[in-house]
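Please read the structure below before turning to the comments.
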Amino acid sequence: AVLMASTPQFLAQLLLEQKYIVGGVKNEFFENLNRSTSVPGSFALASMTTSNKNDFDGTLLKVIAERRAREAEALSSKMAVDLNTCQNALHTVHSRCLFIKELSSFVLPPFVEYLNHDPNASAAWHVVEGEIVVRSCNDIKKGDEVTISYGEHSNEVFAIQYFFIPPANPFDILYLPMRRELTVMRVAKFEGTSVEETNTRFVPYGFVEYGEKAMEIARVIHPDDPEHFIHFKLQTLRKGLEDNMINLMKRKRRDNGLDPVNTLWLDYFSAKVSLINRCIKKHQTTASALKGLVQKS
């Protein structure tokens, strides 16, 4: 059976209604909803019980994970269903559903959700006459894995939606943490816009995408040397992530391995540090080029 709804939240609600209201319906997506009492997938990122649960506060991934946790709490209250089952329902939906543009709906299709992600996928899914069809993109030999692309997402999306970090993700995005209230007020005053409008446009969750958006804010906050401000932000962010990586690697050696949650955190920090290093190198190259132009003029 294919379940369909306009949003992932409504799709999770439909899952729970199928299980608790209709009853007797056999569907692989909700048969296992409350089989495990452990915190599923990305919800574990927001409710860690290990001694290092506060180490990752202030990271964008933690902020998004906490927001996802609040979605589960709201669903549990609305449906009068225990929290763990609602977490499982939302994790099932977010990690397995597809968005069908032709129908403007999210669906849970059987079989397709078993296919793993690969940016160079061997197959792709299509909607043909109302049906989801998986077609190969090239020759697939017997015994080869059939893969699809989950989309051009940042590592935050992969961690929250699918609970893994793809190696060398070319679509990852770097977000710089800002002092949200102060930044919003300064930018709003500079541009003559409202605080609400600026908050929505510039700093969702208190983070700004590295690049022109960050430079716009830097020109307002530090007009004398915006490049130095951006470089300082990159170095500060890298230092915090590297400290978390060191703590996790120490724990890994001490405990002869890491649980899945901490393994995900380690992969996340490692990928972000690599991305920051590339951004710092690019930033230094750009700054040197601009300095050379100024000297020539």
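No hydrogens, no waters, no symmetry mates; every other heavy atom, side chains included, goes into these values.
- Ring-centre distance between Phe269 and Phe56: below the 6.0 Å cut-off.
- Taking the six-membered ring where the residue is Trp, Phe232 and His228 present parallel rings, their angle staying beneath 30° rather than reaching 60°.
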Note to self: As a quick check of understanding, evaluate side-chain hydrogen bond (donor to acceptor under 3.5 Å, both in side chains) for Thr85 and Asn88, giving each step before the final call.
What the structure shows: CA-CA 5 Å; Thr85 301; Asn88 274 292; 5.7 Å; no
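- For Tyr210 and Tyr175, the ring centers are positioned 6.0 Å apart or more.
- The aromatic rings of Tyr162 and Tyr150 sit tilted relative to each other, their planes meeting at an angle between 30° and 60°.
- Although no hydrogens or angles enter the test, the distance criterion places a donor-acceptor pair under 3.5 Å between the side chain of Lys233 and the main chain of Pro177.
- Scanning both residues, Met245 and Leu266, for their nearest heavy atoms gives O-CD1, 4.0 Å.
- In terms of hydrophobic clustering, with Ile, Leu, Val, Met, Phe, Trp and Tyr side chains grouped at heavy-atom distances under 4.5 Å, Ile221 and Leu234 are assigned to a common cluster.
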Stepwise side-chain hydrogen bond (donor to acceptor under 3.5 Å, both in side chains) test for Gln13 and Gln9:
CA-CA 6 Å; Gln13 182 176 330; Gln9 291 76 19; over 6 Å; no
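- With hydrogens and angles ignored, the 3.5 Å screen pairs no side-chain donor or acceptor of Ser149 with any backbone N or O of Pro119.
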- [ ] Evaluate the criterion side-chain hydrogen bond (donor to acceptor under 3.5 Å, both in side chains) for residue pair Asn244 and Asn247; output intermediate values, then yes/no.
- [x] CA-CA 5 Å; Asn244 285 328; Asn247 291 335; 4.6 Å; no
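- Scanning both residues, Met4 and Leu14, for their nearest heavy atoms gives O-CD2, 3.5 Å.
- Residues Ser154 and Asn169 come closest through the heavy atom pair C-ND2, 3.9 Å.
- Looking at Glu212 and Arg219, a side-chain N of the basic residue comes within less than 4.0 Å of a carboxylate O on the acidic one, giving a salt bridge.
- Looking at every heavy atom in both residues, Val261 comes nearest to Ala44 through CG2-CB, 3.4 Å.
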*Please lay out, stage by stage, how Arg68 and Gln161 fare under the test side-chain hydrogen bond (donor to acceptor under 3.5 Å, both in side chains).*
CA-CA 10 Å; Arg68 178 64 56 80; Gln161 301 288 106; 2.9 Å; yes
Could you walk me through whether Val63 and Phe207 pass the side chain to side chain contact (heavy atoms under 4.5 Å, CB included) check?
CA-CA 10 Å; Val63 171; Phe207 291 80; 4.2 Å; yes
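- Between the side chains of His231 and Gln235, at least one donor-acceptor pair of N or O atoms lies under 3.5 Å.
- Using a 30° and 60° split on the angle between ring planes, Phe158 and His153 fall in the perpendicular class, above 60°.
- Under the 4.5 Å side-chain contact rule for hydrophobic residues, Leu90 and Phe10 do not share a cluster.
- Residue Phe171 is not grouped with residue Leu275 when hydrophobic side chains (ILVMFWY) are merged at heavy-atom distances under 4.5 angstrom, including chains of intermediate members.
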